**Student:** 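Sending over a structure as structure tokens; questions will come in a sec.
Computed from a predicted model, the values in this text were never measured in an experiment. In each ligand, atom 1 is the first atom listed, and ligand 1 is the first ligand listed. Nothing fancy with the numbering, it's 1 onward along the sequence.
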Amino acid sequence: MHKDIKQVLFSEEEIYKRVVELGEQITRDYAGQELVVVSLLKGAVYFTAELTKHIDLPVRLDFLISSSYGNTTTSAGSINVTKDIDENIAGKHVLLVDDIIDTGLTLEKITNLLETRKPLSIKTAVLLDKGSRRVNEMDADYVGFEIPDEFVVGYGLDFAGDYRNLPIIGILRPSVFAKK
Ligand code: IMP
Ligand code: MG
């Protein structure tokens with residue numbers, strides 16, 4: 001185990017198995033339709049890559065970068081779009097993909113932004129859900145795992161830009177926060 005990880009929550013195998021299940025569920029739910037997957041960089045990159053491989057439908061993939069977290073572990077509350085999508089989503093089914101839903105502010109704000117472009121539908125998929133921290137009515141349509149209120153890293157999730165490439169999802173040691 002990585003020296004800065006206090007506890008592994010999900011192994012590579014557990015993550016893979018759950019992501020395959022989500023892909024199959026999405027395939028059934030959108031049967032006969034096309035999907036534009038909008039992935040929120042950078043955190044959702046590993047989840048999006050694995051998930052879309054298991055969606056057996058015509059999928060177009062696009063990316064959006066928004067920032068709300070600086071080098072801290074709590075949401076700043078405001079969202080800034082620094083890289084917008086290229087796809088025209090008017091009249092299309094959109095699946096917005098993020099690594100985690102925490103306060104819910106990111107998904108709420110990005111969903112509202114994409115709604116203004118008149119898609120046929122918008123649903124959301126997240127690998128992790130920290131439900132106890134929600135400040136709004138947002139809920140993801142597809143959730144990999146519910147997790148407790150702990151700061152986690154790996155499989156795309158970072159702390160101040162580090163740890164994204166860990167293949168597991170784990171709880172970061174509190175001593176690591178103190179150093180930054
Ligand atoms: P929300 O806007 O509070 O729902 O936060 C969503 C974003 O916060 C995610 O895209 C993550 O980048 C970040 N985030 C929230 N909790 C964690 C965590 O435990 N580890 C790493 N990033 C997190
Ligand atoms: Mg993120």
**Student:** Just which atoms of ligand 1 are under 4.0 Å from any heavy atom in Asp99?
**Tutor:**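 Taking each heavy atom of Asp99 in turn, ligand 1 has 9 (C), 10 (O), 11 (C), 12 (O) under 4.0 Å.
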**Student:** Run the numbers for me: atoms of ligand 1, each under 4.0 Å from some heavy atom of Thr106, listed by number.
**Tutor:** 1 (P), 2 (O), 5 (O), 6 (C)
**Student:** Closer than 4.0 angstrom: is that true for some heavy atom of Glu150 and an atom of ligand 1?
**Tutor:**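 A heavy atom of Glu150 does come that close to ligand 1.
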**Student:** Between His2 and Tyr163, how do the two ring planes meet: parallel, tilted or perpendicular, split at 30° and 60°?
**Tutor:** perpendicular
**Student:** Report yes or no: is the cationic atom of Lys123 (NZ for Lys, CZ for Arg) closer than 6.0 Å to the six-membered ring centre of Tyr30, at no more than 45° off its axis?
**Tutor:**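 Verdict for Tyr30: a cation-pi partner in Lys123.
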**Student:** N/O of Gly104 under 3.5 Å from N/O of ligand 1, yes or no?
**Tutor:**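 Yes, Gly104 has an N/O under 3.5 Å of an N/O on ligand 1.
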**Student:** Quick one: look at Leu157 and ligand 1, take heavy-atom pairs under 4.0 Å, and tell me if it's side chain, backbone, both or neither.
**Tutor:**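 The answer is the side chain.
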**Student:** Do the side chains of Pro58 and Gln33 get nearer than 4.5 Å, heavy atoms only?
**Tutor:**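 Of all side-chain heavy-atom pairs linking Pro58 with Gln33, none is under 4.5 Å.
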**Student:** Identify, by atom number and element, the atoms of ligand 1 in contact range of Lys130, meaning under 4.0 Å from any of its heavy atoms.
**Tutor:** 16 (N), 17 (C), 18 (C), 19 (O)
**Student:** Determine, for Arg134 against Asp102, whether the closest basic-nitrogen to carboxylate-oxygen distance falls under 4.0 angstrom.
**Tutor:**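 Not counted as a salt bridge, because no side-chain N and carboxylate O are separated by less than 4.0 Å.
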**Student:** Indicate yes or no: does an N/O atom of Ile101 lie under 3.5 Å from an N/O atom of ligand 1?
**Tutor:**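 The answer is no, given that Ile101 and ligand 1 share no N or O pair closer than 3.5 Å.
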**Student:** Counting each atom of ligand 1 from 1 as listed, which ones have a heavy atom of Asp98 under 4.0 Å away?
**Tutor:** 9 (C), 10 (O)
**Student:** Please confirm whether Leu107 approaches ligand 1 to less than 4.0 Å, judged on its heavy atoms.
**Tutor:** no
**Student:** Where is the tightest heavy-atom contact between Ile101 and Ala140, given as atom of each residue plus distance?
**Tutor:**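 Minimum heavy-atom separation between Ile101 and Ala140: CD1-N, 4.4 Å.
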**Student:** Can a non-hydrogen atom of Gly43 be found less than 4.0 Å from any atom of ligand 1?
**Tutor:**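 Not so, Gly43 does not reach ligand 1.
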**Student:** Identify the two heavy atoms, one from His93 and one from Glu34, that lie closest to each other, and give their separation to 0.1 Å.
**Tutor:**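 Looking at all heavy atoms of both residues, the shortest contact is CB-O, 3.6 Å.
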**Student:** May I ask you to decide if Asp86's main-chain N or O and Asp62's side chain share a donor-acceptor pair within less than 3.5 Å?
**Tutor:**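 Indeed, once roles are kept as given, a pair shorter than 3.5 Å links the two residues.
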**Student:** Is it true that atom CD of Glu146 has more than 12 heavy atoms of other residues, nucleotides or ligands lying nearer than 6.0 Å?
**Tutor:** yes
**Student:** Against ligand 1, does Ile100 come closer than 4.0 Å with any heavy atom?
**Tutor:** yes
